Amino acid sequence: MKLQVQPKLIIHGGAGSSLHGKGGVEAVRQALYQVVEEVYSLLASGANASEAVVLGCQLLEDNPRFNAGTGSVLQSDGQIRMSASLMDGTLRRFSGVINVSRVKNPIQLAQFLQTSPDRVLSDYGSAELARELQIPSYNALTDLRLQEWIQERQDNFKSTMAGVVAEPELVESSNAGRGTIGVVALDTYGRLAAGTSTGGKGFERIGRVSDSAMPAGNYATTKAAVSCTGIGEDIIDECLAAKIVVRVTDGMSLQEAMQRSFAEADDNQRDFGAIALDATGAIAWGKTSQVLLAAYHDGYKLGDTLELPVATNVGSIVNPD
């Protein structure tokens, strides 16, 4: 058995437009820190990385502030369809659900599928799995998301999309298409895992598939793990999560892999963010959007990316152990 290492954790609640007002920033920070503290406590007790990732995703899915689980945005037909995935870096195993409805925690289905021979299910298959597992039917709709959809319908779906943070006073402009939650963890035995969950783009064409249930948006190996957020199509076009992890696996440091990947994204005018950990315990994040709603625990203290300068694309913390 490996010697124990200091666990590390980073989570995100989306990427998008600037937060304004001290109250807005502090409300988001408090929401993220509560999740970080609970999940890090689980990691410190010896839980494996995948268990910690699932708990973190569940907590974020349950917070209507974020576009995942409760608080998911509505699609063009007024329905909620959610996607989520989990990747265990030690097992090199990816699982997920695409456009599932009427469940509280899509990440729970992704977790079950880790041990299934069929590991990624679409809408009908996901619904059937939920019935088999006797997961209670759940309505994730919030009043705010309904009002957003009604307003968009009145405007013939021409106005900007709903906020990545589901409180009007917290966003300057609306960007539900950038809304996702994600968790990346390193456990006490050096195992890595990543999970990502989303309510989708908001007002999208029925059947659209996000990056959140693809290796483009969520990927992990024994070397590194990444969860992405932002415009799903941009993440898919860059194959962002897998690209970063492969670069680390090929010998780049995590910081170098993030810097090169986000430099390419800038050149291609992409709009997204990502959080990452590597096997040494280094923590990293990157963004081409104005803001990345991320928070982390480096083994000693909490930190976040909420008030980084807009021009700051990549940040990292080298393992302080």
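Note that this is a predicted model, so its numbers are computed, not measured.
Counting only heavy atoms from C-beta outward, the side chains of Thr221 and Arg92 approach each other to under 4.5 Å. Side-chain atoms of Val184 and Leu9, non-hydrogen and from C-beta on, never get closer than 4.5 Å to each other. Put simply, the side chain of Tyr189 does not reach to within 4.5 Å of the side chain of Thr90, judged on heavy atoms. Using a 4.5 Å heavy-atom cutoff, the side chains of Ser45 and Leu42 are in contact. Contact annotation: the side chain of Asp187 never approaches that of Pro7 to less than 4.5 Å [non-hydrogen atoms, C-beta and beyond]. Between Leu109 and Ile135 the shortest side-chain heavy-atom distance falls below 4.5 Å. Side-chain contact check for Ile11 versus Val39: every heavy-atom pair is 4.5 Å or farther apart. A 4.5 Å side-chain heavy-atom check between Trp285 and Leu292 finds at least one atom pair inside the cut-off.
Of all non-hydrogen atoms in Val248 and Lys223, the two that sit nearest each other are CG1-O, 4.0 Å. Taking every heavy atom of both residues into account, Ser197 and Ala68 meet most closely at O-CB, 3.7 Å. Counting all heavy atoms, side chain and backbone alike, Ala276 lies closest to Met258 at CB-SD, 4.2 Å. Closest approach of Thr70 and Asp62 over heavy atoms only: CB-O, 4.3 Å. Summarising the geometry of Ser261 relative to Ile244, their closest heavy-atom pair is OG-CG1, 3.5 Å, with the distance given to 0.1 Å. Between Ala84 and Ala213, the shortest heavy-atom contact is O-CB, 3.9 Å.
Heavy atoms from other residues, nucleotides or ligands lying under 6.0 Å from CZ of Arg260 number 12 at most. The 12-atom threshold is exceeded at CG of Asp267, counting heavy atoms of other residues, nucleotides or ligands nearer than 6.0 Å. Within 6.0 Å of atom CD in Glu132, more than 12 heavy atoms from other residues, nucleotides or ligands are found, so the atom counts as buried in its surroundings.
Gln114 and Asp88 form no side-chain donor-acceptor contact under 3.5 Å, judged by distance and modelled atom types alone. Between the side chains of Glu61 and Asn105, at least one donor N or O lies within less than 3.5 Å of an accepting N or O. Residues Ser227 and His12 bring a donor and an acceptor atom of their side chains to less than 3.5 Å of each other. At a cut-off of 3.5 Å, with distance as the only test, a side-chain donor of Asn218 or Ser85 sits close to an acceptor on the other residue. Side-chain contact, Asp266 with Asn313: a donor N or O sits under 3.5 Å from an acceptor N or O.
Only one option out of Thr229, Asp234, Asp211 pairs with Phe272 in a side-chain contact (heavy atoms from CB on, under 4.5 Å); it is Asp234. Each of Leu113, Val54, Thr196 was compared with Leu86 under the side-chain contact (heavy atoms from CB on, under 4.5 Å) criterion, and only Val54 meets it.
Residue Ile235 is not grouped with residue Ile275 when hydrophobic side chains (ILVMFWY) are merged at heavy-atom distances under 4.5 angstrom, including chains of intermediate members. Both Val226 and Met214 belong to a single network of hydrophobic side chains, linked directly or stepwise wherever heavy atoms of I, L, V, M, F, W or Y lie under 4.5 Å apart. Ile80 and Val100 fall within the same hydrophobic cluster, where Ile, Leu, Val, Met, Phe, Trp and Tyr residues are linked whenever their side-chain heavy atoms come under 4.5 Å apart, directly or through other members. No single ILVMFWY cluster, assembled from side-chain heavy atoms under 4.5 Å apart, contains both Val245 and Val53. Under the 4.5 Å side-chain heavy-atom criterion for ILVMFWY residues, a single connected hydrophobic cluster contains both Val103 and Phe112.
A distance of 12.0 Å separates CG of Leu60 from CG of Asn67, quoted to the nearest 0.5 Å. Atom OG of Ser101 is separated from atom OH of Tyr138 by 13.5 Å, given to the nearest 0.5 angstrom. Taking CZ of Arg205 as the start and CG of Asp77 as the end, the distance is 12.0 Å to the nearest 0.5 Å. Atom-to-atom distance recorded for Tyr300:OH and Gln6:CD is 5.0 Å, nearest 0.5 angstrom. With rounding to the nearest 0.5 Å, the separation of OG1 in Thr142 from CZ in Arg65 is 12.0 Å. In this structure, CG on Leu254 lies 7.5 Å from OG1 on Thr280, to the nearest 0.5 angstrom.
Within the 3.5 Å criterion, the main-chain N or O of Arg119 finds no donor-acceptor partner in the side chain of Ser116. Gln34 contributes no side-chain N or O that, together with a main-chain N or O of Leu32, makes up a donor-acceptor pair within less than 3.5 Å. A donor-acceptor pair is defined here as one N or O able to donate and one able to accept, closer than 3.5 Å; no such pair exists between the side chain of Asp143 and the backbone of Leu146. At least one donor-acceptor pair closer than 3.5 Å links the side chain of Ser76 to the backbone N or O of Glu204. Listed for the Ser83 side chain is a donor-acceptor partner under 3.5 Å among the backbone atoms of Asn99. The backbone N or O of Ser137 sits nowhere less than 3.5 Å from a side-chain atom of Arg102 that would complete a donor-acceptor pair.
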Salt bridge (charged side-chain N to carboxylate O under 4.0 Å, His left out), that's the test. Do Arg270 and Glu233 meet it? Break it down for me. CA-CA 9 Å; Arg270 307 302 192 188; Glu233 284 72 14; over 6 Å; no

If you apply the rule side chain to side chain contact (heavy atoms under 4.5 Å, CB included), what do you find for Phe203 with Glu152, and how did you get there? CA-CA 8 Å; Phe203 319 106; Glu152 289 292 331; 3.2 Å; yes

Step-by-step side chain to side chain contact (heavy atoms under 4.5 Å, CB included) determination, Lys243 to Glu238: CA-CA 8 Å; Lys243 177 193 288 187; Glu238 293 289 323; 2.9 Å; yes

Might you work through the side chain to side chain contact (heavy atoms under 4.5 Å, CB included) test for Leu277 and Ile10, ending with a clear yes or no? CA-CA 8 Å; Leu277 284 168; Ile10 185 167; 4.2 Å; yes

Carefully, step by step, assess Tyr33 and Asp304 under the rule side chain to side chain donor-acceptor pair (under 3.5 Å). CA-CA 9 Å; Tyr33 278 17; Asp304 64 73; 2.6 Å; yes

Please determine whether side chain to side chain contact (heavy atoms under 4.5 Å, CB included) holds for the pair Leu121 and Glu128, giving the CA-CA distance in whole Å, both sets of side-chain angles, and the decisive distance to 0.1 Å. CA-CA 10 Å; Leu121 299 180; Glu128 182 60 29; over 6 Å; no

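Under a 4.0 Å N-O distance rule, the pair Glu264/Arg247 qualifies as a salt bridge. At a threshold of 4.0 Å, the pair Asp123-Arg81 does not count as salt-bridged, since none of the basic side-chain nitrogens sits closer than that to a carboxylate oxygen. Ion pair Glu51/Arg191 not flagged as a salt bridge, since none of the NZ, NE, NH1 or NH2 atoms sits closer than 4.0 Å to an Asp/Glu carboxylate oxygen.
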